[in-house]
Amino acid sequence: MNIKSLALSTALAALATASVADVKVGMITTLSGGGASLGIDTRDGFMLAINAAGRDDIEVVIEDDQRKPDVAVQLADKMIQSEKVDVLTGIVWSNLAMAVVPSATAQGLFYLSTNAAPAQLAGRGCNANYFSVSYQNDNLHEGAGAYATQEGFKNTFIMAPNYPAGKDSLTGFKRFYEGELSGEIYTKLGQTDYAAEIAQIRASGADSVFFFLPGGMGISFLKQYADSGVDLPLVGPAFSFDQGILQAVGDAALGVKNSSTWSKDLDNAANAAFVSAFEEAYGRLPSIYAAQGYDTANLLLSAMDKADVNDDAAFGAALKEADFASVRGSFNFATNNHPIQNVYVREVIKEGDVFTNKIVSTAMENRDNAYVADCKM
Amino acid sequence: MTLSLVFEQILNGLQSGIMLFLMAAGLTLIFGVMGLINLAHGSLYMVGAFCAAAMAGWTGSFALGLVAALAGAAAAGALIELVVIRRLYARDHLDQVLATFALILIFSEGTRWVFGSFPLYLDVPEALSGPVSLPGGISYPLYRLAIIGVGLAVAAGLFWLIGQTRVGVRIRAGENDREMIAALGVDIDRLYTFVFALGAALAGLAGALVGAIQSVQVGMGEPVLILAFVVIVIGGIGSIKGALVGALLVGLTETLGSVFLPVFFKLFMAPAAATQAGASLSSMAIYILMAGVLVWKPSGLFGSRG
């Protein structure tokens, strides 16, 4: 009996030691369909850091959510129940994050967001096991608003798709924009023809335009805007000016200002190493999604050095220290586990044959987010 | 709200209607002649846009891009007709929907496999870029005017083809009674392949023309496909004339609705709420239009089937 229980406890102890070292990560991201380029960059950035670390105590399972909330929920259940992952990450879209994150953190898993960071998860719905490594969704829009104020725009026309993130975008912009609005419109989600909106902009007497149109919507708008003869200054969040998108927009994007927390010319050693390693590994320039994926992986690795993933409190504290070299330079977590970081203004330029961004100014320094006070952890 | 803005918005509505017509014409022909519901029609639109972008990127010529779009989409259409669609004519509509939905997935992933998952670059040709001044002080993009012109020309060509030529007679005959026309010695298989390729080429042309001012990316065809279905239901399934009228109605309703409904709501609501209500109602407007037409004419404006 004694020997039996001794053997059992030794085996258990051995099991426990094994699990101290090993972290299993489930990455749910969009690898097919219209938004695939974002998920692919997230995955590639994340795996670049994991592979560079060369550790054998971390395992990553990657699955494609097809940009569908129901698929994302199924994948999360599968990863939690049969794969027994410790950490989930990778979701690009806020509606998918809302479907997965609250139940995952309620089951005691850690969720590290590589992109989506809706207000609901930053305020009252915050959780000690949920960290946004990217930003809070409003941040880039706030940066654009701050930039518009700094530039002295007095009469901006603002426009976003009619869905929750679109409304958050205009709210975020208005939070730091001090001028008047010459017009405010919500377009259809997925709309590709903006002739009607451009005619309204032309007729509105605006002195500038703020727009949030991610993905293909932004490509369509920029091309049509450039062809319309309206030449008011454009400002937008980085989503419409991403490395993958710019090549499809071409000359139409040149000179447009956009707000971002990251840029490939950001001057710090971690970023220089990241950009060159990414180019070498994948043969293309990284996007903000790749940068956020890379930072997320490095944050996770830094916490693994300090604490056991099974000890929620210790691992959470280790994550919160943010003791890693972010490609965004200075990076800390606010009390609601969202970043405190700079928001920059970039301009679209052409380097040789490649369209890309360069930083022209800093819109906001050490910006946290509007929901810190609502979060009671 | 000036008169010239209203006029400009009407032009925008016409232009989007004309593009919808190119999509809807093929869809309605294929349904009318073969009784086939082709969900993969949006994929052919995408194929056209990708062929145009690839060819224009390679040669630098937009005109060659258009030729490639027509040829590529027609070839893709003929190929899927021969390999897949042909087996579906005798099946019921559920089987057709399932099979053509599978084709959407195959085309989407196949396109990603060949071209990658980033959007492609396709721009308006130099000669047609920039705005022109119209009477009344309106400045309007030349390319959009050109699209309206091309669309009207294609519509005229289609009416001529269906109404005046021998092929058109066969298409109309096939629509009315396919067994009888087969019994009269017409090679119905070849006719079907031809009609399918023609519909595909029209979709491909629309994809290429629109691709120059929108984004050429995987999945670009499906939103247009839904609108095209609304068009053919409004116009009456199988009728080219119905497709034209339906497309213009949908294009105008959508464009004018999104502009003027918020303005209308602002007359008696707070601006923020009016913007919201206007945007919501305008995205429903075409479906309300469709419901209204169906109540009034259950088989569509020009439909012949009960």
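Since the structure is predicted, the reported quantities are computational estimates derived from the model, not experimental observations. Worth knowing before you read on, the calculation uses all heavy atoms, side chains too, and leaves out hydrogens, waters and symmetry mates. Order of the sequence lines fixes the chain letters, A, B, ..., with proteins taken first and strands second; residue numbering starts at 1 for each chain.
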Determine the option with the most heavy-atom pairs under 4.5 angstrom with chain A, choosing from [options].
| options | answer |
| --- | --- |
| Glu109(B), Glu222(B), Glu8(B), Met220(B) | Glu8(B) |
| Gly13(B), Pro131(B), Ser129(B) | Pro131(B) |
| Asn12(B), Leu11(B), Ile138(B) | Asn12(B) |

Is the [atom1] atom of [X] crowded by more than 12 outside heavy atoms at less than 6.0 Å?
| X | atom1 | answer |
| --- | --- | --- |
| Glu180(A) | CD | no |
| Phe115(B) | CZ | yes |
| Lys167(A) | NZ | yes |
| Tyr287(B) | OH | yes |

Give, as side chain, backbone, both or neither, the part of [X] having an atom under 4.5 angstrom from any heavy atom of chain A.
| X | value |
| --- | --- |
| Pro262(B) | neither |
| Leu120(B) | backbone |
| Ser280(B) | both |
| Ala53(B) | neither |

Where on [X] is there a heavy atom nearer than 4.5 Å to chain B: the side chain, the backbone, both, or neither?
| X | result |
| --- | --- |
| Asp242(A) | neither |
| Val249(A) | backbone |
| Asp227(A) | both |
| Ala199(A) | both |

Tell me the residues of residues 15-26 of chain B whose non-hydrogen atoms fall below 4.5 Å from those of chain A, in number order.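 Gln15(B), Ser16(B), listed by number.
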Taking 4.5 Å as the heavy-atom cut-off, does anything in residues 45-52 of chain B contact chain A, and if so which residues?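 Within residues 45-52 of chain B, near chain A: nothing under 4.5 Å.
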For Ser139(B), does its backbone N or O pair with a side-chain atom of Arg202(A) as donor and acceptor, under 3.5 Å?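 Yes; judged by distance alone, with no hydrogens or angles, the pair exists.
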Under 3.5 Å, side chain of Ser220(A) to main-chain N/O of Ser215(B), donor-acceptor pair present?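 Here the side-chain-to-backbone pair exists.
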Listing request: all side-chain hydrogen bond (donor to acceptor under 3.5 Å, both in side chains) pairs with a residue in residues 187-199 of chain A, at least two apart in sequence or in separate chains.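 Listed once each, the pairs are Gln191(A)-Glu197(A), Thr192(A)-Gln214(B), Asp193(A)-Arg144(B).
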Would you list the pairs meeting side-chain hydrogen bond (donor to acceptor under 3.5 Å, both in side chains) in which at least one residue belongs to residues 243-270 of chain B, sequence neighbours left out?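 For residues 243-270 of chain B, and leaving out neighbouring residues, there are no side-chain hydrogen bond (donor to acceptor under 3.5 Å, both in side chains) pairs at all.
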Please name the pair of heavy atoms, one in [X] and one in [Y], separated by the smallest distance, quoted to 0.1 Å.
| X | Y | answer |
| --- | --- | --- |
| Ala279(B) | Tyr186(A) | CB-O, 3.6 Å |
| Lys223(A) | Asp123(B) | CE-OD1, 4.5 Å |
| Asn162(A) | Gln276(B) | OD1-NE2, 2.8 Å |
| Ser228(A) | Pro141(B) | CA-CG, 4.1 Å |

Inter-residue atom distance Ile198(A).CD1 - Tyr140(B).OH, 0.5 Å rounding: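 The OH atom of Tyr140(B) is 10.0 Å from CD1 of Ile198(A), to the nearest 0.5 Å.
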